Every structure is written in structure tokens, then in C-alpha cells.
Amino acid sequence: MSVNVRIAPSPTGLLHIGNIRAALFNYLFARRMGGTFMLRLDDTDATRSTQEFADAIKRDLGWLGLNWDKFGRQSDRLARYAEVLEQLKLSGRAYPCFETQAELDLKRKTQLGRGLPPVYDRAALKLSEADIAALAAQGRKPHWRFKLDHTEVAWDDMVQGHKSFAASSLSDPVLVREDGVPLYTFCSVVDDVDDSTTHVIRGEDHVTNTVVQIQIWQAITSTPAPVFAHFPLIVSSSGIEMSKRLGTLSIASMRDEMEIEPMAINALLAKLGTSDAIAPRLTLDELAQEFDIGKISHATPKFDLDELKSLNAKILHITPFEAVRERLAALGLSSIDEKFWNFARANITKLSDIRQWWQVAQGPVTPIVTDAAFLSEAAASLPPTPWNDNSWGAWTDALKAKTGRKGKELFMPLRLALTTYDHGPEMKYLLPLIGEKRARDLLAGRAA
Ligand code: GLU
């Protein structure tokens, strides 16, 4: 059996750490199983959906490398939903309702006041043909509900195990609003039927939707319903659920403001809340090989921004030069070569930090002078040029013999004067890049 999965974001906001996880899981599952991964926009809500958000979703997924094999949008399929609604009317599974929102709210309040669950009372089912005709004659437009079968709905969830719910505990879901707009619960099933979706992998906030969607599916087709997997939703390290409102954690802000590498996001989210350890990975292929829905735990995963930043650094520390060459050029750092990248990358936590070490190599910097007498002695002992990777060792050995200094006492004044930092890439690589002329200036306390 071929595997077909999809993500169905609504273009009503930016992708964030929560819904990217659904995208990543579906993508990795498709790649692991040799299946197809579809991007389908849930955009029937024309008042809230925008082209800008649709474009941003595509851009963010593309940036993360989560490329889709198939694309679709619900707004292109309105005729199809209308057709399926007719089918459900004929089979008696869709029925017209005329209550206003205010009437429904009042019913709900009354039920709650009596300690009853706020489930729709199916009053509209009691309307006669004549009642319906009379309401229509008044110009009232119905919304359409799906008539649930009051049976147990059960499925074997790939994350949560066996699930079973009494459909009678739920309201008959609205399929189409009075203004004719079909709703997500309905469209999503029609799409999944037509797209031959085999697995629906999504957050556990959709478990109740699954109960009604399985019944809608069965009312539309005799093909077996997809396999479901509902994973626990991420919370922030302070325990707050991630929502679209947490704009600061949108993928766009992590990319544009925090300079997080796409693979840091992918690697963290693929492992968070699973039995695998969080570890740097450079490709989605590696993550796909390791991906297994069975590894997703029931416990609530906590997202910690510091953990993401630390993984970002670890990924940069093993990223090959070829993978960053163009991005360095875009930062105006095209002179950085592979050798420099390889020795300096261990000292960065985000890509643009490399600029700081390049500036140390090229100048100008203003030296930090902690011991002028020692620096002047050091200047007098500088090794012969041209310098290479052994020059620093030769220089500091000679200074050690001359002054009796060793360790930090020997190295730190030199590092501070030559780089202005008390830490950084190995001096043996930096010294030849700083060069004799600049080194003499810096040791003399002059900016260079
Ligand atoms: N639009 C829904 C969401 O983003 C889709 C859920 C689904 O995968 O069916 O939560």
C-alpha cells in the first residue's frame, strides 16, 4: 500500500513551532515510507485566510526543506464540497437547521445551567417538510449538520493506542454554514477521501474531530478510513501551550531575527518528545531514517529556546564550508575560505557571529593592553616572516624561555592585545592572518 500524508494549515497566520512539528512528522513519515507528502491549504474561511499567509507558509516550509509532492487548496474545491453535501442530504446524513447563533448560545447556557453537557439537541430533526418550507419562505437560510450515528467510534491510534468514544456525547457537526461556506471538519474529510490520504498525523487537539470525521468518512465512501496518529502538543518551557499567537516563535522570526538554522529546528522537533536523544543532524534524510511514530511518547514535550540555540551552535560546528559558502557571500564575507571556516566555526552560535572572528583576522580592532612591558618584549621576539601555523608556537616558546611566563599569564595578554577577546579560535591560525604589520601595531597599543 502506498502512503499518502498531508498537512492542512490554515493560511490565517504564520507557521510556528507547534504546527511545523506536524509538517515535519508528516514529511519524515512520507520519506521513511516512500510515500507522498501533500501541502493542502485549509482556506475556506475567506475572511481570515490571506494570500500573504499562504505565501509565508510555502516560504517557511521551503526554507526548512519540507518540500511537498502535491499541493492543493480548499477554495478551489467548493463545487466538490457542494456535491458531497447533496450526496449526504440524499442519504439522510445531512439535515437543515435554522437556529441562529443567539438561539444556540441560549440552548447551551440552559443545558450548562442544568448540569447537562452542551450537546446540540437535534431540534431541527423534528421540523416537518412544511416547517422547513415555511422557514425558507421567510427567507431563512439553513446551515447543514451531519447526523452522527450514536455508536462507539473506535480506532487504533499510532501514538495513543486504542481510542473509543461515544458519538452521542458530541454535537452533530455543522458541515456548511447558512452563508454556504463549508467548514473545515467536512472539507478536510472530502479532501482526505479524494487525496487517498492513508495516514492522518496531527496534534491531539484534533482527537474529537477524528470521532466525527471517521463517521463523515464512512458516510461518503466505503474505502477504509485513514490510520490516525495524534501526538501530544508542545508546550513552552514555562508550560504554556504554543499557539499561533506566540508570534515571537514563528518560523519567520526564528529565521530572520534569531538566525536559527533550519536543520536546528528540524532536528530538535523531530526528537523532542520521542525516545531518541536530541542531537545535531545535517540532513532531513538522516532524520527520516531515524523517524518512527512509535518513538513518540505520551508525555507533553517542552520546547526550550535555549535548547534550540545550543543545538543551532552544535550544527554550525559540524557544518561543512560548502553548505555556508553562498550565505557567507550574502553576508559580505565571501573572502572567508574553507580553512578559516573550519577553525573558526567552533566559536560561533549563529552564522553571522563569524563576522566577529573575520574582523579579528582583518581588523580594524582596538587592542586591550593589560601589560605594556610584556607586550613590548613580545613584539621584540616576533618570529621571522612569512608566518605559518607554526609561528605562534615558535613565538610563545621563545617568550616563555625569555620571561619565565607560562599558561594564561603568557597567552592571555597576547590574545587580548591581538584579538580583544579572552577566547576564540586558535591563535596559531589567527596570527598569520593578523600579519606582522598589524601585530606590531596591536602589541604597541595602536588600533589596527
Ligand atoms: N487546519 C487544521 C490545522 O491546521 C488541519 C488539521 C488536520 O490535519 O486535519 O490544525
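Keep in mind it's a predicted model, so treat the numbers as computed, not measured. Order of appearance sets the numbers: ligands from 1, and atoms from 1 within every ligand.
Remark: aromatic rings of His199 and Trp155 are distant, center separation not under 6.0 Å.
Of all atoms in ligand 1, numbered sequentially from 1 with element shown, those under 4.0 Å from a heavy atom of Ala8 are 1 (N), 2 (C), 3 (C), 4 (O), 5 (C). Near Ser10, with a cut-off below 4.0 Å to any heavy atom, the atoms of ligand 1 are 1 (N). Each of the following atoms of ligand 1 lies closer than 4.0 Å to a heavy atom of Asp42: 1 (N), 2 (C), 5 (C). Set against the non-hydrogen atoms of Tyr184, the atoms of ligand 1 under 4.0 Å away are 2 (C), 5 (C), 6 (C), 7 (C), 9 (O).
Pairs passing the salt bridge (charged side-chain N to carboxylate O under 4.0 Å, His left out) check and including a residue from residues 263-280, sequence neighbours excluded, read Lys271-Asp276, Lys271-Glu290, Asp276-Lys295. Listed by first and then second residue, the salt bridge (charged side-chain N to carboxylate O under 4.0 Å, His left out) pairs involving residues 212-238 amount to none (not counting sequence neighbours).
Assignment of Arg6 to the shell around ligand 1 is supported, since a heavy atom sits closer than 4.0 Å.
Formation of a donor-acceptor pair under 3.5 Å by the Asp69 side chain with backbone atoms of Met38 is not found in this model.
Residues Pro425 and Arg415 share a closest heavy-atom pair of O-NH2, 2.9 Å.
Every N/O-N/O distance between Pro9 and ligand 1 stays at or above 3.5 Å.
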